[in-house]
Amino acid sequence: MPTKSEVIEKTPDTSSKNLLTVLSEKGIETVFDRFDAQQPQCTFGNDGSCCRRCNMGPCRVSDRRKGVCGADVDIVVISNLLRWCAAGAAAHGQRGKELLGILKSTAEGRTSFKIAGDGRILELAKKFRVKRKGRTLENIAVDVANILLKDLTRESGDMRSLMAFAPKERRDTWRRLGILPTSVSSEVFDALARTTVGTDSDWGNLMRQHLRTGIAYCWGSYFGTMFATDCLFGIPEPVKTEVGTGVLKEDSVNILVHGHLPPLGEAIIQAIDKEKIKRLINDVGADGIVIGGMCCTGLEVLERHGIPSITNMGGQELVLGTGMIDAVVADTQCIFPSIAQVAACFHTKIITTHDSNRIQGTLHIPFDPAHADMIAERILEIGIRNFINRGEIHPQPAKATAVSGFSPEAISRIFGFGNLLDIIRSGKIKGLAALVGCSNPKTIYDYNHVTLAKELIRNDVLVLTCGCSAHALLKQGLCTLSASGIAGEGLKEICQNYEIPPVLHAGACIDNPRILQLFCALAEKANLPLSSLPFAACAPEWSNEKSIGAGLSFLTMGIPVFLGVKPPTGASRNVVKFLTDQVEEELGARYTIEPDPLQMAKSVIGVIEEKRGKL
Ligand code: BF8
């Protein structure tokens, strides 16, 4: 496992390298210290065979030793994995539920937002056969929101998004395998119920629930949340900006939005232009204000407004070491509790805004969509007034230009799907790879993301990226046209002809379905199943429970998935064999585990080359 010193030596992110040194010299603890202190980590936990699902345990289970109840290693490993999958589906599902609630109340005139996603609302209404003639957009939006909410909560029947958008070949496959889901909460409920002690003891049956929960995650937690956000704030379009810690300004107020719920970020962006806020900035002696983004809230406001992305989950403590962050507005998920302690060493105010994420010792201002504008102003005032409390600062100049907002709608306008398919057939672009997922101290910070992306584009693979992987690639300047200089000759020519970067930023984690939509559109044009096309999905530094469903979303669609960090399944030969081999017979794709990013690139290119033969 990499130590903190190795991270400082080898991370490609120079700002994080410097800031980690600054924090180390000050004796301020970060994720990298705590990771070192946890070594060696428990092998039973790492291999997924520690069972803590009843109080006869905990049991350390292996091939030779069953749990106290008699559960064997296959049952324990798949049950643990299924519970992670359920937790991730609930986490993204909660976002969806909240955003759909805001969509409905906005449509009913009960928030300070204005609906900006007319196109998405009408598209969904058409797909769901919602009556449109003679009705207002707001009325239609309420019906659409109710249908998407049902996908999160229904107790019987089929998921509407899945039925409307998944390719028929996939729907038939899932039905044949008995893994068509009912809804997110129904599958999460079932996953938890069947993994209580003395319930499902057939690992194959538990595996089916795992796949079923993954499909529910994809079509409810993922697509539902993405659709809701698009209905509210619009479908992203390419937008040029600058990213990285160098965007922060010494003489300006710097405020970061962090987490996974973009509505407050949207309200903050609207509020910065108010006279009252401008006057206050002037009163504290600042030149202006910079709003920057962390994690997925950051990527949502980047893809729609060009708000600079600053860093990802692994860098959230480090950026506070600049001493230049006047406030972090943290909604929910992937927010380390430790940011409160790091912030306390500087002047930074941490403001939590969601009841699911309270951090002791920080200020809590609950977000209320009915008063989003007032809450945004109040938060801005707190951040601006804190500007005068800055102490020692450690500015980091590294920044890069970037283009964000490559939704499939935008890609279709740039290329036309038929034309893009022809380009792939010609071999100028050999294939498409999604680079997604988290940061993980089990890898050198940002190293796997960046090494893999560079190697893929050198070999004419067009990369699409979302989530913390995207932050890593944005910071390295790979999401800009000039990065085509390191691409292979074919990809370089396409990038220059169409004026696109070789790495296309498609959004936050819940925008992974944008990449799936693009894959589906190309498969439809080719009249081939998704599993026949030269596509791949890679999560080289994944860490979160939510990533389990992310992997399954691609896998169950027939897209091969490459993981850079070993999942906690190693103790069960049956589970590993199924997920890395046998599942391909059923779903047309399998997992490959490859910790070395250059080797991963080789495997991805190998799969892409093999599939090109079928084009
Ligand atoms: O949903 S990539 S660390 S920030 S889980 Fe979290 Fe992972 Fe980042 Fe967003 Ni996604």
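Every heavy atom of this structure was used, including side-chain atoms; hydrogens, water molecules and symmetry mates were not. Remember, it's 1-based here, ligands and their atoms both numbered in the order they're listed.
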May I ask whether G437 places a heavy atom under 4.0 Å from ligand 1? yes

Hey, are S5 and E9 close enough side-chain-wise for a donor-acceptor pair under 3.5 Å? no

Side chains of D331 and T297: donor-acceptor distance under 3.5 Å anywhere? yes

Go through the side-chain N and O atoms of T322 and Q396 and say whether any donor and acceptor fall under 3.5 Å apart. no

Backbone or side-chain N/O/S of C334 under 2.8 Å of atom 9 (Fe) of ligand 1: no

Mind checking whether H260 has an N or O less than 3.5 Å away from an N or O of ligand 1? yes

Tell me, do L124 and L148 make a side-chain contact under 4.5 Å, heavy atoms counted? yes

Can you sort out which atoms of ligand 1 are near C295, meaning under 4.0 Å from one of its heavy atoms? 4 (S)

Test item: N254 side-chain N/O and I325 main-chain N/O as donor-acceptor pair under 3.5 Å: no

What protein heavy atom is closest to atom 3 (S) of ligand 1, reported as residue, atom name and distance in Å? M313 SD, 3.3 Å

Of the backbone and side-chain N, O or S atoms of C509, does one lie nearer to atom 7 (Fe) of ligand 1 than 2.8 Å? no

Check ligand 1 against C438 and write out every atom of the ligand that is under 4.0 Å from a heavy-atom position of the residue. 2 (S), 3 (S), 5 (S), 7 (Fe)

Show me which atoms of ligand 1 lie under 4.0 Å from any heavy atom of C296. 1 (O), 4 (S), 9 (Fe)

NZ/NE/NH1/NH2 to OD/OE distance under 4.0 Å, E303 and R514: yes

Got the closest protein heavy atom to atom 8 (Fe) of ligand 1, with its distance? C468 SG, 2.2 Å

Verify the ring-centre separation between F165 and F227: is it less than 6.0 angstrom? yes

